[in-house]
Amino acid sequence: MKVKVESSNPIKKKTEMLCGFVLEDSDKILGINKINSKISDSVKQSIKDNKGELGKLTVIPTNNKTPAKRILLAGIGKKEKITQDTIRFVSGKIAQKARELNLKEFSLVSPPSFVNDPIASASQITEGCKLSLFSFDDFKAKKESRSPDLTVFVPKSNKITNAIKTSEIVSDGVIFTKSIANLPPNKCTPTTLANFAKSIAKKSKMKCFVVSKNELKKKGFGGITAVGQGSKNEPKLMVLEHNGGPRGQKPIVLVGKAVTFDTGGISLKPGEKMDEMKFDKCGGCTVLGIMKAVSELRLPVNVVGIVPSVENMPSGEAYRPGDIIKLYNGKTAEILNTDAEGRLILADALAFGEKKYSPRVIIDFATLTGACIIALGTNVAAIVSNDEKLKKQINESSVRTTEEVWELPLNDDYMDMIKSDVADMRNIGIGRAAGTITAAAFLKNAIEKTPWLHFDIAGVAWTQVATKSKPYNPKGATGFGVRLILDYLQKI
Ligand code: BES
Ligand code: MN
Ligand code: ZN
């Protein structure tokens, strides 16, 4: 989908569908004055019928009485109830309507500043429309019809035009994440992901290197090696470096769990919904999508993306409960459940990231625990951190992007829950208590001194039965975290 920006009078636009927002119980289309008198009565009546009800769409045929073939009214509810998500949400519905009508293009009038900040509106419209038209149909004979192009009507301003360009790149980052995260496990192995990493690096001149099985073993990545050893699809660690900041500036390091399929290993998972464990690579895919956008946006900061990737399989070569392994930082872990694999590969990657890059901040993403879904459900990610400032910044970006987070505590009592009798740590806590926190406790042990924030995205990384339906999150991977972190990186 292409996005064009115009600042002329939308009423004069020749378009297949001219769309505008309507506030609850108002008699106007926001940003559109004086509609052609030949159809104004019918428009007035339609506005009354629409009532400005949040998300309600009304299509009005104009029978060639205006340059626009159709007018679409989109209710956005009460002015006081408008959030950072309202315009994104309703824009998504509009774009899907345009696709349903098989249009080649449509036009949308941004709401005036008394309703919503115009720069935010421009971004939210772009994101809402672009993301809602994504569909994962790589493996279907019948593809979704072509995405219609969008013309947005906004006040003339370089800031707004730039915000739209930025949002296009951000949305393409999310779409990239969704499109690789949705891939089935027989079509996406650690090697496949490493090739994706190389190809985005090549396109935008990032540095990229991939560490393969033998070298991982030699260099002491004991967690990645152990988890990966049960599969014939060999483990990989991929690293992308965006050097947009001053030379010598400490980078932001982003780490993402990419288990291309999690059977649980020897501690095999039950069969029900095991297919969903193809989404256990979502954290890594989020990091790749962020890096792609960071480089395309040429953000003036140094950012490093690190993705440890394995397939967790049971086999004659697989690691076992009872094994004691040595992680990258030299600490040992007693394996009590081979299904608690994410923390092992992440601990290696976090320790490596801290040692190699002395970062100012480390942030990780992982579909780490089923317990996270029990605690917070499927619309809010858990965060755990050792740094107040970082937490505050992430919370602010969370509000702006409506990628919701909730903090869980991590004090020393939780750290005690992963103490082992025979090694430095156990890879699971005691019973099922505080499963999300004990997993985070394991990660914390991999970090020496850097401000760190962990996202458990087990509930939000893909749409599940309890997921709130949003047009910009069609079924499958959501790309959670891409928009949030790109907002954070633009604000620091
Ligand atoms: N990838 C899973 C976590 C998961 C499960 C995410 C379901 C989303 C939906 C992770 O590797 C895992 O299996 N965790 C175990 C940990 C347990 C053995 C301590 C879990 O949550 O059951
Ligand atoms: Mn697991
Ligand atoms: Zn897993």
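Numbering of ligands and ligand atoms starts at 1, following listing order.
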Is any side-chain N of the basic residue among Lys449 and Glu354 closer than 4.0 Å to the acidic one's carboxylate O?
no
Quick one: does ligand 1 sit under 4.0 Å from the side chain of Met277, the backbone, both or neither, non-hydrogen atoms only?
side chain
Report the nearest protein non-hydrogen atom to atom 1 (N) of ligand 1: residue, atom name, distance rounded to 0.1 Å.
Asp280 OD1, 2.8 Å
Confirm or rule out an N/O/S atom of Asp339, from backbone or side chain, lying less than 2.8 Å from the Zn ion (ligand 3).
no
Give a yes/no verdict on a cation-pi contact between Arg400 and Tyr488, requiring under 6.0 Å between NZ or CZ and the six-membered ring centre and an angle within 45° of the axis.
no
Indicate, as side chain, backbone, both or neither, the part of Arg343 found under 4.0 angstrom from ligand 1 when only non-hydrogen atoms are considered.
side chain
For ligand 1, is any non-hydrogen atom under 4.0 Å from Lys257's backbone (N, CA, C, O), its side chain (CB onward), both, or neither?
side chain
Consider ligand 1: state whether an atom of it lies below 4.0 angstrom from any non-hydrogen atom of Trp462.
yes
Please confirm whether Asp262 comes within less than 3.5 Å of ligand 1 when only nitrogen or oxygen atoms on both sides are compared.
yes
Non-hydrogen protein atom less than 4.0 angstrom from atom 13 (O) of ligand 1
yes
Would one find an N, O or S atom of Lys257, in either backbone or side chain, under 2.8 Å from the Zn ion (ligand 3)?
yes
Please report, to 10°, the angle around the Mn ion (ligand 2) from atom O (Asp339) across to atom OE1 (Glu341).
70°
Output the list of atoms in ligand 1 that are nearer than 4.0 Å to some heavy atom of Thr367, sorted by atom number.
1 (N), 2 (C), 3 (C), 6 (C)
Top protein contact for atom 20 (C) of ligand 1, by heavy-atom distance:
Gly370 N, 3.9 Å
Contact region, Ile373 to ligand 1, non-hydrogen atoms below 4.0 Å, reads side chain
Taking 4.0 angstrom as the limit and counting only heavy atoms of Ala458, give me the atoms of ligand 1 inside it, by number and element.
6 (C), 8 (C)
